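Everything on this sheet refers to the single structure shown next.
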Amino acid sequence: MAWPPSTRAQLGGILLAFFGWVSSCVTTVVPLWKNLNMDLNVLEVWNVGLWHACVNQDEGATECKAYDSLLALPLVFRLARILMIAANGLGLLAFFLSLWGMNCLKTSDKNTELKRQLGVAGGIFFCLSGIATLVPVSWVAYNTVQEFWDETVPEIVPRWEFGDALFLGWFAGFFLLVGGLLFICSTCWQETQEPPHLLPVYPLREAPTQPRQPNRQQYTATKIADLVI
């Protein structure tokens, strides 16, 4: 059985949002938010994330170390931790709410309104998760640009640059927003669709048969024949 367009739009929205949520979780974990290329020592590349810092050596070895103290981190990293964890939690909650609000999930007629509300809530949480992902990623990128063009730092000092996790975080936030909006629109669109108004069909009634009138000429001829006899 073919699904209606609103159900297919819901499936597309939840798949986009789920891909964005997985990318957001990966962005939270990987230590690739910022990287530092040492011009004086080209054999080492430093990468930092929200939880630990790593050194990649030219021989292929990688050494990572977790941060000793949360308070020792910059303010942007501390807030980024909180927002990314909130984004991952909101995305997980939105995924379960959206599954319950899918049109293809058959429920009783009494739960139709509840299912619509859960679907809209799931789409809203997907959008909030996208915003919570875009804010820390963009904030870290802004600080990186400010530090890169800081004229007070000598040019010989290596500068931090964008890591791969920042680009992954931007894509994750975009997919979460688009998927959430698509899911909300498809859920509301399904409710606004009304079945076509059909005119009532009544059974056909046959016209009553009129009693057959005798032929006047035939009656006159019969009467004359009786008189002749």
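Predicted model, so just to flag it, every value in this text is computed and none were measured.
Across all non-hydrogen atoms, the minimal contact from Leu50 to Arg81 is O-NE, 2.6 Å. Of all heavy-atom pairs spanning Lys65 and His52, the tightest one is O-CB, 3.0 Å. Of all the heavy atoms in Thr133 and Ala172, the pair that sits closest is CG2-CB, 4.3 Å. Of all non-hydrogen atoms in Arg78 and Leu73, the two that sit nearest each other are NE-O, 3.4 Å. The minimum heavy-atom distance between Ser129 and Leu176, with the atom names listed, is OG-CD1, 3.4 Å. Annotation for Leu134 and Gly169: closest pair CD2-O, 4.2 Å, computed over non-hydrogen atoms.
Put simply, the side chain of Trp139 does not reach to within 4.5 Å of the side chain of Leu83, judged on heavy atoms. Taking the side chain as every heavy atom from C-beta outward, Leu166 and Val140 approach each other to under 4.5 Å. Using a 4.5 Å heavy-atom cutoff, the side chains of Trp46 and Asn35 are not in contact. Side chains of Val45 and Leu36 form no contact here, defined as non-hydrogen atoms less than 4.5 Å apart.
Listed by chain and number, the residues in a ring-ring contact (aromatic ring centres under 6.0 Å, His included) with Phe174 amount to none (sequence neighbours excluded). Asn88 meets the side chain to side chain donor-acceptor pair (under 3.5 Å) test with Ser24, Thr28; sequence neighbours excluded.
Hydrophobic cluster membership is shared by Phe148 and Phe77, with clusters built from Ile, Leu, Val, Met, Phe, Trp and Tyr side chains linked at under 4.5 angstrom. Under the 4.5 Å side-chain heavy-atom criterion for grouping Ile, Leu, Val, Met, Phe, Trp and Tyr, Val145 is connected to Trp160 within one hydrophobic cluster. Follow the hydrophobic side-chain contacts under 4.5 Å out from Leu71 and you never reach Ile85; the two are in separate clusters. Put simply, Phe162 and Tyr142 are part of two different groups of oily side chains (I, L, V, M, F, W, Y) that touch within less than 4.5 Å, one to the next. Cluster membership check: Trp33 shares its hydrophobic cluster with Trp51, using side-chain heavy-atom separations under 4.5 Å among Ile, Leu, Val, Met, Phe, Trp and Tyr.
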Side chain to side chain contact (heavy atoms under 4.5 Å, CB included) evaluation trace for Asn56 with Asn47
CA-CA 8 Å; Asn56 299 326; Asn47 295 307; 2.6 Å; yes
Determine whether Phe167 and Trp170 satisfy the following criterion, ring pair (Phe, Tyr, Trp, His ring centres under 6.0 Å), listing intermediate values before the conclusion.
CA-CA 5 Å; Phe167 300 99; Trp170 279 320; 5.7 Å; yes
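Within the model, atoms CG of Leu11 and OG1 of Thr7 stand 7.0 Å from one another, a figure rounded to the nearest 0.5 Å. With values rounded to the nearest 0.5 angstrom, Met84 atom CE is found 13.0 Å from Leu79 atom CG. In this structure, Ile184 CD1 and Phe125 CZ are separated by 10.5 Å, a value rounded to the nearest 0.5 Å. Rounded to the nearest 0.5 angstrom, Ile14 CD1 and Leu182 CG are separated by 11.0 Å. Between the CZ atom of Arg116 and the SG atom of Cys188 there is a distance of 6.0 Å, given to the nearest 0.5 Å. Atom CG of Leu99 is separated from atom CG of Leu118 by 11.0 Å, given to the nearest 0.5 angstrom.
Within a 6.0 Å radius of CD in Glu63, other residues, nucleotides and ligands contribute 12 heavy atoms or fewer. Within a 6.0 Å sphere centred on OH of Tyr67, other residues, nucleotides and ligands contribute more than 12 heavy atoms.
Here salt bridge (charged side-chain N to carboxylate O under 4.0 Å, His left out) pairs that include residues 160-170, with residues two or more places apart or in two chains, number zero. Annotation: disulfide bond (SG atoms under 2.5 Å apart) contacts involving residues 113-179, sequence neighbours excluded, are absent. Applying the disulfide bond (SG atoms under 2.5 Å apart) test to residues at least two apart or on different chains, the pairs with a partner in residues 57-88 are Cys54-Cys64. Residue pairs meeting the salt bridge (charged side-chain N to carboxylate O under 4.0 Å, His left out) criterion with at least one member in residues 130-145: none, sequence neighbours excluded.
Of the possible donor and acceptor atoms, none in the side chain of Trp21 sits under 3.5 Å from a partner among the backbone N and O of Gly89. Looking at Ser186, its side chain does come within 3.5 Å of a backbone N or O of Phe183 through a donor-acceptor pair. Within the 3.5 Å criterion, the main-chain N or O of Ser23 finds a donor-acceptor partner in the side chain of Thr27.
If you run ring pair (Phe, Tyr, Trp, His ring centres under 6.0 Å) between Phe19 and each of Phe126, Phe175, Phe171, Phe95, only Phe175 comes through.
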